[in-house]
Amino acid sequence: MDDQEFTDAEKALGRPLPAAWRTYLQGESWFRRGWMPSGAYVWLNSPREMLDVHDAWDQATDEHPGIAIIGGDGSREQFVLDLRSDPAPVLLADITSSGWESATRQASDVSQLIDRIEAGTFEFSFED
């Protein structure tokens with residue numbers, strides 16, 4: 001995935017994506033989608049796919065200022081970054097989420113998420 005894809009996404013978001021996310025997605029291999037040994041199904045988005053999901057969310061993205069939808073569970077739940085914070089926490093938001101207050105923390109930052117995905121230990125948390 002080339003730098004232009006990240007540039008386009010960051011321009012659309014109005015904020016930069018975490019450097020660790022770029023490094024991971026541009027690395028030799030990144031976990032695209034599938035079952036974790038933990039039993040969780042994980043689906044990760046490229047920056048271009050993220051923008052497509054943002055378009056599908058339409059006005060719901062307005063309810064989540066600073067959102068970047070980086071993946072999900074292959075169904076209703078989406079991995080989202082709250083880019084208002086640095087480091088940006090990784091949260092889980094349902095496709096019908098009406099705002100940040102209904103999102104559930106999954107990792108303190110994207111590096112922690114990446115480490116758990118690469119280790120195969122990631123599990124979804126549905127409670128804060």
Does the side chain of [Y] come within less than 4.5 Å of [X]'s, by heavy atoms?
X	Y	result
P18	D109	no
L81	V90	yes
I69	H64	no

Working to the nearest 0.5 Å, report the span between [atom1] of [X] and [atom2] of [Y].
X	Y	atom1	atom2	value
N45	D52	CG	CG	9.0 Å
M50	W21	CE	CH2	10.0 Å
R48	D2	CZ	CG	6.5 Å
S46	L25	OG	CG	7.5 Å

Walk me through whether I67 and W100 qualify under side chain to side chain contact (heavy atoms under 4.5 Å, CB included). CA-CA 9 Å; I67 193 171; W100 286 117; 3.9 Å; yes

Does [X] reach the main-chain N or O of [Y] with its side chain, forming a donor-acceptor pair under 3.5 Å?
X	Y	answer
R33	L44	no
D82	L91	no
E10	L17	yes
Y24	F31	yes
D3	F6	no
S97	G99	yes
E77	S75	no

Please determine whether side chain to side chain contact (heavy atoms under 4.5 Å, CB included) holds for the pair R105 and S108, giving the CA-CA distance in whole Å, both sets of side-chain angles, and the decisive distance to 0.1 Å. CA-CA 7 Å; R105 184 178 291 266; S108 58; 4.3 Å; yes

Which pair of non-hydrogen atoms, one from [X] and one from [Y], has the smallest distance, and what is that distance?
X	Y	result
L51	A9	CD1-CA, 3.8 Å
I114	A20	CD1-O, 3.6 Å
A107	Q112	CA-OE1, 3.0 Å
R116	E123	NH2-O, 3.4 Å
L83	A68	CD1-CB, 3.8 Å
Q106	T104	NE2-O, 3.2 Å

Quick one, Q78 with V53, criterion side chain to side chain contact (heavy atoms under 4.5 Å, CB included). Give me CA distance, side-chain angles, the key distance, then yes/no. CA-CA 10 Å; Q78 304 294 302; V53 175; 3.9 Å; yes

Assess whether side chain to side chain donor-acceptor pair (under 3.5 Å) is satisfied between T96 and D94, documenting all intermediate values. CA-CA 5 Å; T96 62; D94 186 84; 2.6 Å; yes

On the 0 to 90° scale, with breaks at 30° and 60°, tag the F79-F124 ring pair as parallel, tilted or perpendicular.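 Rings of F79 and F124: parallel, as their planes differ by under 30°.
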
Cluster question for you: counting only ILVMFWY and a side-chain heavy-atom cut-off of under 4.5 Å, with indirect links fine, are I117 and W35 together?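 No; tracing contacts between hydrophobic side chains, which count when under 4.5 Å, never links both residues.
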
same_hphob_cluster(M36, W30) at 4.5 Å side-chain heavy-atom cutoff: yes

